[in-house]
Amino acid sequence: MACTAGCTILLVLALGAALRETHAQDFTEDEMEAIRSRIRSMFYHAYNSYLDHAFPYDELRPLTCDGQDTWGSFSLTLIDALDTLLVLGNRTEFQRVASLLQDTVDFDIDVNASVFETNIRVVGGLLSAHLLSGRAGMELEPGWPCSGPLLRMAEDAAKKLLPAFETPSGMPYGTVNLLRGVNPSETPVTCTAGVGTFILEFASLSRLTGNQTYEDLARKALLALWETRSNIGLVGNHIDVVTQKWVAQDAGIGAGVDSYFEYLVKGSILLQDPSLLHMFHEYDRVIQNYTRFDDWYLWVQMHKGTVSMPVFQSLEAFWPGLQSLIGDLESAVRTFQNYYSVWRQFGGLPEFYSIPQGFTVDKREGYPLRPELIESAMYLYRATGDHLYLQLGLDALESIEKISRTPCGYASVKDLRDHQLDNRMESFFLAETIKYLYLLFDPTHFLHGGGAWEEGGGTTGRCVLGTGGYIFNTEAHPIDAAALYCCHRHDADQSEIRNILLASPSASSTGQSQSGSSSQSQSSMLRCPVQPFSSKLSVKGQVFTENN
């Protein structure tokens, strides 16, 4: 008997409920190590295939065993995969590739590049590699982590993006020519994520180099976007960066919007900025009110809140992981289970999935080996210890091996219904999918806060690094929060201490209220860098600032 749409959605919801009652097997440490070994083998099969058949192109084409340029012609896969090498423990290859990139990559090229993709993959990848180079055993120049060749490369790439921000609103164009700037005929329409996904990389650059320009531009774009939200508090999908008028008015948490919300939360943690978290909570309140249906998230009209697309997109699978970062574990667990039920239905997440029909959407049946559900599994396993998330990781590993492996790497899935393959292996497969999968099965990895503290030089000759406060950008490139403190806040704190110590003895002895209030105000700004950053993330929704 045929099942109606209403019947199908009930079946989907029932599958999610059954999953909630499923108890995953418990994985022993030996089993987890065996799985980590399999993941390392996956990485090197893909990585060596890229080196053998595609370098110096941006990406590997795994069906024809050759390469192609996609996002800018700067060996993108190698930049994106660099920090993954260190995550897997390969210091020798990390050192070799870091030196190779310095010798071969040139950003002074006549190429039109995506501002968003160049930022998250290239700027983010080089920043992360720079901050990890000490742990990789590279020779460090004096002043590291506040200086270094990979940091200079990251800044060189970011400088090429700055012309895109020269708009009346401060919101950037979507594409820029790396040699000539923004093309006069460039469309002013860009997606919301393309406006709001810069604060992690640009603020990190500013705080490491001392050049405030990058952080100021990212904050200006964020504020402009915040001020364009609708009367009910939602943002749409695409906006005109010149007129600030919304062109696509669908509101949701998926493609075109996703990393904007992600960066508000992660930016608030990395920069200890409660204003960013306030923005996210305001958005989250209306998202829960207008778009959430039985722990699925639909697309709605941004001004009216009426449903426009009752679909789940694979990019939305980052949301449970983000919810875990703000302490909303109950909602995160339920939403993850819905998304996991889709994975189990197809052996991967289709780009679009119709919730009423319980099946893929026409022409959106593909799975380009995206990492988002594995990313959420990593966060939720860290938060709960539930081995259900390890089971998802094993499912993902076996699905990718069975469906996508080719003699030359791993191919995107063109159609999950019959497992046809596409001739593309995106760089995020090595940067994100493999990395999150490995970290899921390595709960004591230093990126989780399990490593020893490290001593760095910095501008003062001494700072504490590697304290567990790694924040992943949306391309899974980890940023060390302690390094930003070392290069940015340390000198300011020392100056405040000097001012307190050099305060007038006569003023302090008379007990004048003016002097007393000044001293109290200054000392309240001081922050101690000794406390591990991991403990600062343990309070639900709390961002620790100078004053609390």
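Positions are given from 1, in the same order as the sequence printed here.
- In this structure, the separation between CD1 on Ile199 and CG on Leu270 is 9.0 Å, given to the nearest 0.5 Å.
- The two residues Asn338 and Asp295 make their nearest non-hydrogen contact at ND2-O, 3.1 Å.
- Counted by atom type alone, Tyr410 and Glu401 present one or more donor-acceptor pairs between their side chains at under 3.5 Å.
- Of the charged side-chain nitrogens involved, none lies within less than 4.0 Å of a carboxylate oxygen, so that Glu155 and Arg152 do not count as a salt-bridged pair.
- Inspection of the Ser427 and Asp80 side chains reveals an N or O donor paired with an N or O acceptor under 3.5 Å.
- Ion pairing of Lys245 with Asp240 is absent here, as no side-chain N (NZ or NE/NH1/NH2) approaches a carboxylate O to less than 4.0 Å.
- Residues Ile253 and Tyr283 are not in side-chain contact: their nearest non-hydrogen atoms beyond the backbone lie 4.5 Å or more apart.
- The ring of Phe165 has its center closer than 6.0 angstrom to the ring center of Phe202.
- Side chains of Asn423 and Thr64: a donor on one and an acceptor on the other come within 3.5 Å.
- Contact check for Tyr485 versus Arg207: no side-chain heavy atoms found under the 4.5 Å cut-off.
- Taking 4.5 Å as the limit, every side-chain heavy atom of Leu298 sits out of range of all side-chain heavy atoms of Met309.
- Under the side-chain hydrogen bond (donor to acceptor under 3.5 Å, both in side chains) criterion, Tyr339 pairs with no residue, sequence neighbours left out.
- With values rounded to the nearest 0.5 angstrom, Leu416 atom CG is found 8.0 Å from Leu349 atom CG.
- Contact of the Leu127 side chain with the Leu205 side chain is registered, since non-hydrogen atoms from C-beta on lie closer than 4.5 Å.
- Contacts classified as side-chain hydrogen bond (donor to acceptor under 3.5 Å, both in side chains) and involving residues 179-196 (residues at least two apart or in different chains) are given here: Asp110-Arg180, Asn183-Ser185.
- Leu225 CG to Gln244 CD: the interatomic distance, rounded to the nearest 0.5 Å, is 9.5 Å.
- Phe359 has its ring centre less than 6.0 Å from the ring centre of Phe346.
- Ring pair Tyr44/Tyr47 is perpendicular by interplanar angle, where above 60° counts as perpendicular and below 30° as parallel.
- Comment: Asp294 does not engage Arg334 in a salt bridge, judged by the lack of any side-chain N to carboxylate O separation of less than 4.0 angstrom.
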request  = Apply side-chain hydrogen bond (donor to acceptor under 3.5 Å, both in side chains) to the pair His477 and Asp83, showing each step before the final yes or no.
outcome  = CA-CA 7 Å; His477 296 306; Asp83 56 17; 2.6 Å; yes
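- Applying the salt bridge (Lys or Arg N to Asp or Glu O under 4.0 Å) rule to Asp58 yields no partners; only residues at least two apart in sequence or on another chain are considered.
- The minimum heavy-atom distance linking Glu351 with Ser314 is given by the pair OE1-OG, 2.7 Å.
- Atom OG of Ser230 is separated from atom NE2 of His303 by 6.0 Å, given to the nearest 0.5 angstrom.
- The aromatic rings of Tyr379 and Tyr436 sit tilted, their planes meeting at an angle between 30° and 60°.
- Under a cut-off of 6.0 angstrom, the local environment of CG in Asp418 is crowded, with over 12 non-hydrogen atoms contributed by other residues, nucleotides or ligands.
- Under a cutoff of 6.0 Å and an axis angle of 45°, Arg292 and Tyr290 do not form a cation-pi pair.
- Ring to ring, Phe116 and Phe198 are not that close: their centroids are 6.0 angstrom or more apart.
- Residues Glu432 and Lys435 are not paired through a salt bridge, judged by the lack of any N-O separation under 4.0 Å between the basic side chain and the carboxylate.
- Judged by distance alone, the side chains of Asp250 and Gln301 never bring a donor and an acceptor atom under 3.5 Å apart.
- Pairing each heavy atom of Ser354 with each of Val361, the nearest pair is N-CG2, 3.7 Å.
- Atom CZ in Phe312 sits 10.0 Å away from atom OG1 in Thr335 (nearest 0.5 Å).
- In this structure, Tyr470 and Ile479 have side chains that are not in contact, with every pair of non-hydrogen atoms separated by 4.5 Å or more.
- Rounded to the nearest 0.5 Å, atoms CG (Asp273) and NE2 (His278) are 11.5 Å apart.
- Proximity of Glu372 to Glu316: side-chain heavy atoms (C-beta onward) are nowhere separated by under 4.5 Å.
- Centroid-to-centroid, the aromatic rings of Trp343 and Tyr367 come within less than 6.0 Å.
- Here Arg424 pairs with Glu426 in a salt bridge; the nearest charged N to carboxylate O distance falls below 4.0 Å.
- The shortest side-chain heavy-atom distance between Leu85 and Leu82 falls under the 4.5 Å cut-off.
- Taking the side chain as every heavy atom from C-beta outward, Pro172 and Val195 approach each other to under 4.5 Å.
- In this pair, Trp319 and Phe280 present their aromatic rings tilted. The plane angle is within the 30 to 60° band.
- Pro62 approaches Gly409 most closely through the heavy-atom pair CB-C, 4.4 Å.
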